[in-house]
K.L.:
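Structure provided below as structure tokens; questions to follow.
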Amino acid sequence: MTGIPRTLEAKLQLLDHQVIDVHGEMVCMVDDLELRPDRRGHLHVTAILTGPGALGPRWGGRFGSWITAVWRRLREDADPVPGRIAWNVVTGVDSGIRLNCARADLAIEGLETWTAAHIVTRIPGAGHESDA
Amino acid sequence: MRWTAPGVGAIALALLLCSCAAPRDDPEAYLGDSLSTVETVASYVATAQLTASAVRDGRVFVPSANVVLSETMQSLSDTVSTYGLVEPPDERSPMRAQVLDVSRRAEDSVFSTLTAVRRGDTAALDASIDRLTAVDADLSSLATRLEDPSGRRGE
Amino acid sequence: MKKMFALALGILTAIGGFVDIGDLVTNAVVGSRFGLSLAWVVVLGVVGICVFAEMSGRVAAVSGRATFSLVRQRLGPRLGFVNLCGSVAVTALTYIAEIGGVALALELASSINAYLWIPVVGLLVWIVLWRVKFDIMENVFGLAGLALVVFGVSLWALKPDFASLATQALHPSVPATEGTPTYLYYAVALFGAAMTPYEVFFFSSGGIEEKWTAKDIPVMRSNVFVGFPLGGLISLAIAATSMLVLGSSGIDVESLGQVALPVVVALGKVGLIFALVGFFAATFGAACETGLSVGYSISQYFGWQWGKFVAPRRAARFHVVMLIATIMAVGVLLTTADPIKVTEYSVVFSAVALPLTYLPILVVANDTRYMGAHVNGRLANVLGSFYLVVILIASLAAIPLMVLTKAGQ
């Protein structure tokens with residue numbers, strides 16, 4: 001594990017990288033970043049943002065705003081926020097972003113949870129790794 | 001004038017029929033169509049010949065031969081009926097009749113081969129192989145005759 | 001001993017898994033119409049797929065990231081998405097063609113209509129995607145695909161004049177009966193059939209399924225550099241037998257049954273059994289690979305958990321994507337689309353989509369930040385850049401040639 005360098009080039013080393021949880025399972029892509037300035041005006045990454053709510057605005061254009069609008073419509077809360085992974089769970093940055101928690105604890109996997117509950121677990125054998 | 005649904009439908013149908021049975025005004029293009037039809041038909045006849053002799057010699061399973069022959073029969077009929085829909089530029093030209101005549105004989109012989117293979121009738125199979133050989137010869141002589149007068153090679 | 005066995009197994013499955021419906025149909029069509037005058041394209045395509053499969057396998061082994069994950073990293077979300085749409089469309093088209101090919105192989109063996117087989121094949125493929133272990137899937141279909149070596153045996157049994165075959169292959173020229181645009185159109189189709197993009201998605205994702213590390217690179221290389229060229233020889237044998245038996249009788253190949261005819265003529269029933277088993281294994285294996293590739297690409301773009309190494313419950317979106325793709329493929333085929341026609345278009349559109357896959361791989365394989373000591377050497381870069389030019393030409397020429405020749409008529 002490489003740990004986290006103090007300064008990162010966000011575009012090259014973070015954006016559009018795979019996020020991996022503590023068990024090595026894939027969590028999401030870094031669709032966008034949440035940045036906060038400190039007192040001296042330096043920007044710090046405070047969270048990884050993910051899901052259509054983060055990807056839509058980055059796509060931009062008509063298609064991007066359409067994706068964002070659909071995502072808003074599908075959410076129950078009035079002013080939804082994109083999936084957010086606080087930076088303090090990040091333990092390493094290499095070809096992927098590594099976390100110290102499991103993907104199930106992050107509460108960012110709306111579509112995964114829905115497809116698992118409504119489609120996949122209803123088919124026999126969903127709970128086993130592939131075997132012969 | 002009002003556009004009624006049946007009226008529009010009739011016009012559409014008429015247009016469709018026109019486009020299917022469009023006469024070829026260009027004699028050269030019609031010659032090209034005729035030649036490529038003859039070549040395609042010859043390709044199907046050759047496929048049937050190979051398959052039928054393999055059945056006769058016990059070199060192929062009947063279900064597989066049946067599939068190859070049925071597909072050949074189907075494609076052959078499609079080719080012949082497509083050619084039949086094109087009107088020749090010159091009504092007096094014997095080309096269309098010649099091509100259609102030999103193509104229909106090709107259809108008949110492939111069909112009789114298919115039937116013989118399905119029934120497992122060895123005598124009928126031998127007879128159809130002879131018919132296929134005869135049609136094959138006619139097809140190549142027709143192709144030569146079509147090519148020859150102009151001395152060109154069609155696509 | 002165990003290592004030797006693993007090495008041999010890898011090479012054998014690479015040979016048997018090389019040929020798919022696109023290679024079967026395109027090589028037979030080309031053989032009957034152009035003889036061996038397009039053999040150089042097969043060689044060009046096989047070397048090309050070796051170069052890029054090795055690169056993508058190396059990237060996967062070193063970085064642990066598969067192709068589409070890197071495509072998005074490199075191209076960003078917008079361009080990456082355009083690329084995803086193009087690649088998935090072509091891979092899905094190939095998936096349709098492979099499922100259709102399995103149905104045609106079963107029809108040929110049983111004489112039960114292919115359209116009755118299509119839903120059955122869809123279900124069987126999906127069961128394999130859902131349940132069967134990755135390496136078992138690869139090994140079973142790869143080894144069974146070796147039955148296609150029967151085309152090589154047929155070539156030998158037909159006792160051709162090998163010297164004149166070699167002359168024809170080494171001195172390519174457009175046959176008198178065909179126009180130059182048609183010749184070039186089939187050159188592009190053959191190139192697309194040999195270099196199908198899904199092979200690279202599948203190869204790199206498969207490396208991660210099998211948990212490759214940098215230590216596995218030599219084995220991966222031997223599979224690619226020995227297995228793929230030998231698989232390419234099967235392609236050439238198909239073209240050569242098709243030329244000898246079908247081309248000489250003026251037969252244009254339009255069905256899978258015709259592809260098998262040279263084997264029937266050369267070897268009879270025993271040969272036909274091998275050909276049928278080979279057709280089934282090659283198309284079924286490729287159907288699984290293309291189905292997985294659709295799931296891999298989409299999941300990798302969005303960062304979803306994918307792979308057969310976790311339970312479907314833990315990769316729910318990945319499995320739903322593959323389920324939808326399978327239903328769609330069966331649906332398209334049941335509109336009575338002709339699988340052979342679908343195949344012919346799929347190889348040409350593969351050629352169109354080639355740069356989408358190969359450019360990002362070349363870029364990443366040159367990135368020391370990812371690759372460290374395993375970055376591209378000079379040879380890989382010279383070959384990679386050469387192929388990039390060839391791929392661009394093939395990609396740009398494909399559609400104009402298709403229009404010009406009315407898809408090769």
Side-chain angles (χ1 to χ4, degrees), chain B residues 29 32-33 35-79 82 106 110 114 117-118 120 132-133 135-137 139-140 142-144 147 152-155, chain C residues 28-29 32-33 103-114 117 154 157 175-182 242 244-273 275-276 279 336 338-341 405-406 408-409:
Chain B
D33 281 354
L35 253 176
S36 76
T37 302
V38 171
E39 277 167 10
T40 313
V41 170
S43 157
Y44 295 132
V45 169
T47 305
Q49 273 182 301
L50 273 184
T51 315
S53 11
V55 174
R56 183 192 56 199
D57 304 342
R59 296 176 73 79
V60 65
F61 301 105
V62 173
S64 307
N66 184 15
V67 172
V68 176
L69 289 170
S70 312
E71 277 174 355
T72 307
M73 187 66 226
Q74 183 65 51
S75 316
L76 177 53
S77 310
D78 291 349
T79 309
T82 309
V110 173
L114 178 60
V117 167
R118 281 188 182 163
L132 284 170
T133 317
V135 171
D136 191 31
L139 281 163
S140 46
L142 178 59
T144 326
E147 276 168 27
R152 270 185 301 258
R153 174 99 188 115
E155 272 303 305
Chain C
V29 169
S32 74
R33 288 180 61 173
L104 290 180
L106 290 171
E107 179 187 44
L108 206 52
S110 66
S111 113
I112 295 170
N113 192 289
W117 280 115
S154 301
T177 46
E178 305 282 353
T180 309
T182 320
S242 169
L244 292 168
V245 175
L246 306 178
S248 62
S249 319
I251 297 176
D252 279 348
V253 175
E254 290 175 17
S255 71
L256 195 62
Q258 287 171 316
V259 179
L261 272 182
V263 177
V264 168
V265 169
L267 302 171
K269 282 183 178 166
V270 179
L272 181 59
I273 291 175
L276 291 174
F279 287 169
T336 69
D338 176 7
I340 300 288
K341 281 273 172 303
T405 63
K406 294 183 193 149
Q409 276 168 19

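Every chain is numbered from 1, with letters handed out A, B, ... down the list of sequences. The basis for the numbers below is simple: all heavy atoms, side chains too, and nothing from hydrogens, waters or symmetry mates.
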K.L.:
Give a yes or no answer on whether the side chain of C/Ser111 reaches the backbone of B/Val67 with a donor-acceptor pair at less than 3.5 Å.
P.N.:
no
K.L.:
Using non-hydrogen atoms only, which part of C/Val263 is less than 4.5 Å away from chain B: side chain, backbone, both, or neither?
P.N.:
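The answer is neither part of C/Val263.
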K.L.:
Can you tell me how far apart CD (C/Gln258) and CD (B/Glu71) are? Round to the nearest 0.5 Å.
P.N.:
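One finds 7.5 Å between CD of C/Gln258 and CD of B/Glu71.
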K.L.:
Are any non-hydrogen side-chain atoms of B/Thr51 and C/Val264 less than 4.5 angstrom apart?
P.N.:
no
K.L.:
Examine whether an atom of C/Ile112 lies under 4.5 Å from a heavy atom of chain B, and if so say whether it belongs to the side chain, the backbone or both; otherwise answer neither.
P.N.:
neither
K.L.:
By a 4.5 Å heavy-atom criterion (distance strictly below it), what part of C/Ser110 contacts chain B: side chain, backbone, both, or neither?
P.N.:
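Only the backbone of C/Ser110 comes within 4.5 Å of chain B.
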K.L.:
Non-hydrogen atoms of chain B under 4.5 Å away: do they reach the side chain of C/Ala266, the backbone, both or neither?
P.N.:
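Backbone only.
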K.L.:
Does a side-chain heavy-atom distance below 4.5 Å link B/Thr40 with C/Asp252?
P.N.:
no
K.L.:
Would you say the side chain of C/Glu254 lies within less than 4.5 Å of the side chain of B/Ser75, judging by non-hydrogen atoms?
P.N.:
yes
K.L.:
Heavy-atom pairs under 4.5 Å with chain C - which of B/Ser53, B/Ala54, B/Gly58 has more of them than the others?
P.N.:
B/Gly58
K.L.:
Which bit of C/Leu261 comes within less than 4.5 Å of chain B, counting heavy atoms only: side chain, backbone, both or neither?
P.N.:
side chain
K.L.:
Can you tell me if C/Lys341 has over 12 outside heavy atoms packed within less than 6.0 Å of its NZ?
P.N.:
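No, NZ of C/Lys341 has 12 or fewer neighbouring heavy atoms, counting only those of other groups under 6.0 Å.
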K.L.:
Among B/Ala42, B/Ser70, B/Ala46, single out the residue with the greatest number of heavy-atom pairs under 4.5 Å to chain C.
P.N.:
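Counting heavy-atom pairs under 4.5 Å, the top option is B/Ala46.
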K.L.:
Where is the tightest heavy-atom contact between B/Ser43 and C/Gly250, given as atom of each residue plus distance?
P.N.:
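Minimum heavy-atom contact is CB-O, 3.3 Å.
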K.L.:
For the residue pair C/Leu272 and B/Ser64, what are the closest heavy atoms and their distance?
P.N.:
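C/Leu272 and B/Ser64 have their closest heavy atoms at CD2-OG, 3.9 Å.
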K.L.:
Which atoms form the tightest heavy-atom contact between B/Pro63 and C/Ala109, and what is the distance?
P.N.:
CB-O, 4.2 Å
